[in-house]
Engineer: 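Sharing a structure below in structure tokens format, with a few things to ask.
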Amino acid sequence: QDTGSRAAASRRVDQSFVLNNAAGTPDWPVVGVDYAETRYSRLDQINTANAKDLGLAWSYNLESTRGVEATPVVVDGVMYVSASWSVVHAIDARTGQKLWTYDPGVDRSIGYRGCCDVVNRGVALWKGKVYVGAYDGRLIALDAATGKVVWERNTIEGQKGSYTITGAPRVFKGKVIIGNGGAEYGVRGYLTAYDAETGEQKWRWFSVPGDPSRPFEDESMRRAAKTWDSSGKWWEAGGGGTMWDTMAFDPELNTMYVGTGNGSPWAHKKRSPKGGDNLYLASVVALDPDTGKYKWHYQETPGDNWDYTSTQPMILADIRIDGKLRKVILHAPKNGFFFVIDRTNGKFISARNFVPVNWASGYDKNGRPMEIAAARDGSKPYDAIPGPYGAHNWHPMSFNPKTGLVYLPAQNVPVNLMDDKNWKFNEVGPGKPQSGTGWNTGKFFNAEPPKSKPFGRLLAWDPVAQKEVWRVEHVSPWNGGTLTTAGNVVFQGTADGRLVAYDASNGDKLWETPTGTGVVAAPSTYMVDGKQYVSVAVGWGGVYGLAARATERQGPGTVYTFAVGGTAKMPEFVAQRMGKLLQGVKYDPAKVEAGTALYVANCVFCHGVPGVDRGGNIPNLGYLDASYIENLGSFVFKGPAMARGMPDFTGKLSADDVESLKAFIQGTADAIRPKN
Ligand SMILES: O=C(O)c1cc(C(=O)O)c2c(n1)C(=O)C(=O)c1cc(C(=O)O)[nH]c1-2
Ligand SMILES: [Ca+2]
């Protein structure tokens, strides 16, 4: 394919192309496949019968060592995907040949500006241009055929605070729309639309009010200000509400939807001492895509106090509830409840917790959470369930209209929270989270460790009945986003370094392959020359990946593309890593669960997930010689590594705890090792 025909292909991508494709789906033209962000493909060449014959068609080295979160976008056989540091790659989707790469040259010393790794969740394609949000806040338009810059805008110009971009831009009605990250560092959230052709700014909508003694930008800000207490001077610390990930668009209703983020600072009483809902934090907001004008909102977590963002990917669906076809939004934000919202007017339809939660007992018929008082107290250590990593984070879910099920990457990462007594108002700055809430984790040794159990699971959720239909338990939290297809298959990558295909009806495993590094991104699928492919960009990272690892030296970020009968060889690093996995430690499988909790509370922040992060000067326990793990007690209790920084766990762990840890470590290595 020459440059000219590549350019011609991507020039076709406009609103009718995306809408027509949604009906036929040979391509994957936007990160969520369609404006509704269903991540459902009508392709069925790969199905439950032949998924077992999937093999590698090609792999591509993204030359990145940090988290990879992007869903590959593919049109007419050309793939566009971004890696860490916002680097864009254009790849021939049949062969894996590089067409071009574009590095926006983000200063590698500014990683600290964001909370959660130097990630990028993908690009947008529109009429021959590729759009990427760079980590340093620039929105850049590239020529899709050559990767050359067409225009560039600094989306954070004139703002103060630690802003970034990690999300994928969306193009609705000829406007490129992008929000920012930064609510952990005291910023004010906003969303900006630029003319896709020229880069001219068209509108900006702020999600939280500024200083109420100054004129409000619009009526929605005037109304929002009434829900904040000005004695908290929230505007000086920004207020938060960053829109760092999800957007969707309904062309018939001419409405776009965006999810807003957490309060800044986190502690509600520190930013708004007399309480208040603090609009529009942690909400789903409907906007006019032409003007950016506010239409309505539904607030999922009033007066957010726990980093319970509503930025998690939402899906627009038409589903039958009580016999009536309803236009709804399906949403599973960090707070652990699955929401069904009427997208014509923002009215609450239903909410049910999809994991155990301890901050609210449910939602009343008006859509208000019934809170549990201890969750807001702050004077005593409190096991937040979900914790700030969320019951569901940015990892995309998918909706299959044939099964009627949502495939949701759910989790619990235990974190114990308490008021931060040393917090000073407005003490913001790079590397200093503006939280007002202290974290007690296994990392801070003298604090209260959380007691809840960590888990990662794939849930198949019925949004009408609001109940779980099936689940797959993973060995670790922080697993990949999902893809579902008319072939009745669900694809998901895992934290322990596999890509797995499941039967969409019952969760039976159909196929799996090792990927050599943890998978956090979602796969996509498309057809070229009559053949269906499934692609996933892998590279362990993101906020949990950043914490739960030993060193920067992990397998390189890689795009894998699979097809039925594919025979390409996996890159060498995969076999190398699998060959070095811990082997042969005897353990009691009944102790794995207890070991998981102990490991996450005490070990994971230094040693990483066993078998996921390849060790450096702090060893990854999943790659050690068996004799080390067999004698784990001698390392844990006043062991020889104390001189190199290993804590003494005497009095903190029991001999039986050590047996549980052994079970978790060897059990995880066994789960990762390829079975054939
Ligand atoms: O409040 C914010 O502005 C903000 C931004 C981001 C981001 O831009 O990646 C994350 C979060 N918050 C966040 O709370 C969070 O859990 C998170 C996880 C990740 C990730 O990529 O793994 N990003 C973010
Ligand atoms: Ca946040």
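Numbering of ligands and ligand atoms starts at 1, following listing order. Because the structure is a prediction, the values reported are computed rather than measured.
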Engineer: Who gets closest to atom 17 (C) of ligand 1 by heavy atom: G241, C116, G189, G167?
Structural biologist: C116
Engineer: With heavy atoms of D307 as the reference, note each atom of ligand 1 found under 4.0 Å away.
Structural biologist: 14 (O)
Engineer: With respect to the Ca ion (ligand 2), what is the nearest N, O or S atom of D307?
Structural biologist: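 That would be atom OD1.
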Engineer: Please classify the Y389 to ligand 1 contact at 4.0 Å (heavy-atom distances, strictly less than): side chain, backbone, both or neither.
Structural biologist: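 It is neither; nothing of Y389 touches ligand 1.
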Engineer: So, the side chain of T155 versus the backbone of G137: is there a donor-acceptor pair under 3.5 Å, distance only?
Structural biologist: yes
Engineer: Please confirm whether N180 comes within less than 3.5 Å of ligand 1 when only nitrogen or oxygen atoms on both sides are compared.
Structural biologist: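 No; the residue has no nitrogen or oxygen that sits under 3.5 Å from a nitrogen or oxygen of the ligand.
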Engineer: Among all protein heavy atoms, pick out the one at the shortest distance from atom 18 (C) of ligand 1; state its residue, atom name and that distance to 0.1 Å.
Structural biologist: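 Going by distance alone, atom 18 (C) of ligand 1 is nearest to V543 CG1, 3.3 Å.
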Engineer: Between T166 and R121, do the side chains contain an N or O donor and an N or O acceptor separated by less than 3.5 Å?
Structural biologist: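 Per modelled atom types, T166 and R121 side chains form a pair under 3.5 Å.
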Engineer: Measuring from non-hydrogen atoms of W478 to any atom of ligand 1, is the shortest distance under 4.0 Å?
Structural biologist: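 Contact present.
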Engineer: I'd like to know whether CD of E473 has more than 12 heavy-atom contacts from other residues, nucleotides or ligands below 6.0 angstrom.
Structural biologist: yes
Engineer: Taking only heavy atoms of G542 into account, list the atoms of ligand 1 that are under 4.0 Å away from them.
Structural biologist: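 With G542 as reference, the close atoms of ligand 1 come out as 20 (C), 22 (O).
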Engineer: Using 3.0 Å as a strict upper limit, say whether an N, O or S atom of N262 approaches the Ca ion (ligand 2) that closely.
Structural biologist: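 Under 3.0 Å: N262 contacts the Ca ion (ligand 2) through an N, O or S atom.
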Engineer: What protein heavy atom sits nearest atom 15 (C) of ligand 1, and how far off is it?
Structural biologist: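 For atom 15 (C) of ligand 1, the nearest protein heavy atom is K334 NZ, 3.5 Å.
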Engineer: Look at atom 6 (C) of ligand 1 and say which protein heavy atom is nearest, naming residue and atom and giving the distance to 0.1 Å.
Structural biologist: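 Sorting protein heavy atoms by distance from atom 6 (C) of ligand 1 puts W244 CD2, 3.4 Å first.
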Engineer: What atoms of ligand 1 come within less than 4.0 Å of a heavy atom belonging to A183?
Structural biologist: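 Numbered from 1, ligand 1 contributes 1 (O), 2 (C), 3 (O).
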Engineer: Using a strict threshold of under 4.0 Å (side-chain N to carboxylate O), is an ion pair present between K270 and D229?
Structural biologist: no
Engineer: For the pair F339 and F337, name the ring-plane relationship: parallel under 30°, tilted 30 to 60°, perpendicular over 60°.
Structural biologist: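 Geometry flag for F337 against F339: tilted rings.
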Engineer: Are K269 and D419 ion-paired here, with the side-chain N under 4.0 Å from a carboxylate O?
Structural biologist: yes
Engineer: Using a strict 4.0 Å cut-off to heavy atoms of G182, name the atoms of ligand 1 that fall inside it.
Structural biologist: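 So the answer, numbered in order with elements, is 2 (C), 3 (O).
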Engineer: So, for N412 and P477, which heavy atoms are closest and what is the spacing to 0.1 Å?
Structural biologist: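 Closest heavy-atom pair between N412 and P477: O-CG, 3.8 Å.
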Engineer: Could you check atom 12 (N) of ligand 1 against the protein and tell me its nearest heavy-atom contact, residue, atom and distance included?
Structural biologist: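 Answer, as residue, atom name and distance: E184 OE1, 3.0 Å.
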Engineer: Determine the interplanar angle of the Y544 and W478 rings, folded into 0 to 90°, and report it as parallel if under 30°, tilted if 30 to 60°, perpendicular if over 60°.
Structural biologist: tilted
Engineer: Please could you name the atoms of ligand 1 that V119 approaches to less than 4.0 Å, counting only its heavy atoms?
Structural biologist: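 With V119 as reference, the close atoms of ligand 1 come out as 21 (O).
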Engineer: If you count the atoms of ligand 1 from 1 in the order shown, which ones are under 4.0 Å from a heavy atom of T242?
Structural biologist: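 Every atom of ligand 1 under 4.0 Å from some heavy atom of T242: 1 (O), 2 (C), 3 (O).
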Engineer: Could you tell me how the ring of W306 sits relative to the ring of W359: parallel (under 30°), tilted (30 to 60°) or perpendicular (over 60°)?
Structural biologist: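 Tilted, since the angle between the ring planes falls between 30° and 60°.
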Engineer: If you count the atoms of ligand 1 from 1 in the order shown, which ones are under 4.0 Å from a heavy atom of N262?
Structural biologist: 1 (O)
Engineer: Which residue and atom name correspond to the protein heavy atom nearest atom 7 (C) of ligand 1, and how close is it?
Structural biologist: T166 OG1, 3.3 Å
Engineer: Among all the protein's non-hydrogen atoms, which is closest to atom 9 (O) of ligand 1, and how far away is it?
Structural biologist: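 For atom 9 (O) of ligand 1, the nearest protein heavy atom comes out as R121 NH2, 3.0 Å.
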Engineer: Strictly by modelled atom types, are D136 and Y163 linked by a side-chain donor-acceptor pair under 3.5 Å?
Structural biologist: no
Engineer: Between N393 and ligand 1, find which residue part has any heavy-atom pair under 4.0 Å and reply side chain, backbone, both or neither.
Structural biologist: side chain
Engineer: Going by heavy atoms, is C115 under 4.0 Å from ligand 1?
Structural biologist: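 For ligand 1, residue contact (heavy atoms, under 4.0 Å) with C115 is present.
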Engineer: Taking atom CZ of R457 as the centre, report whether more than 12 heavy atoms of other residues, nucleotides or ligands fall under 6.0 Å from it.
Structural biologist: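 More than 12 within 6.0 Å, yes.
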Engineer: Could E217 and R204 be called an ion pair, given the rule that one side-chain N must be under 4.0 Å from one carboxylate O?
Structural biologist: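 No, E217 and R204 are not salt-bridged.
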Engineer: Mind checking whether Y294 and W205 have parallel, tilted or perpendicular rings, split at 30° and 60°?
Structural biologist: parallel
Engineer: I'd like to check which ligand 1 atoms, numbered from 1 as shown, lie under 4.0 Å from a non-hydrogen atom of G181.
Structural biologist: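 Atoms satisfying the 4.0 Å criterion: 3 (O), 8 (O).
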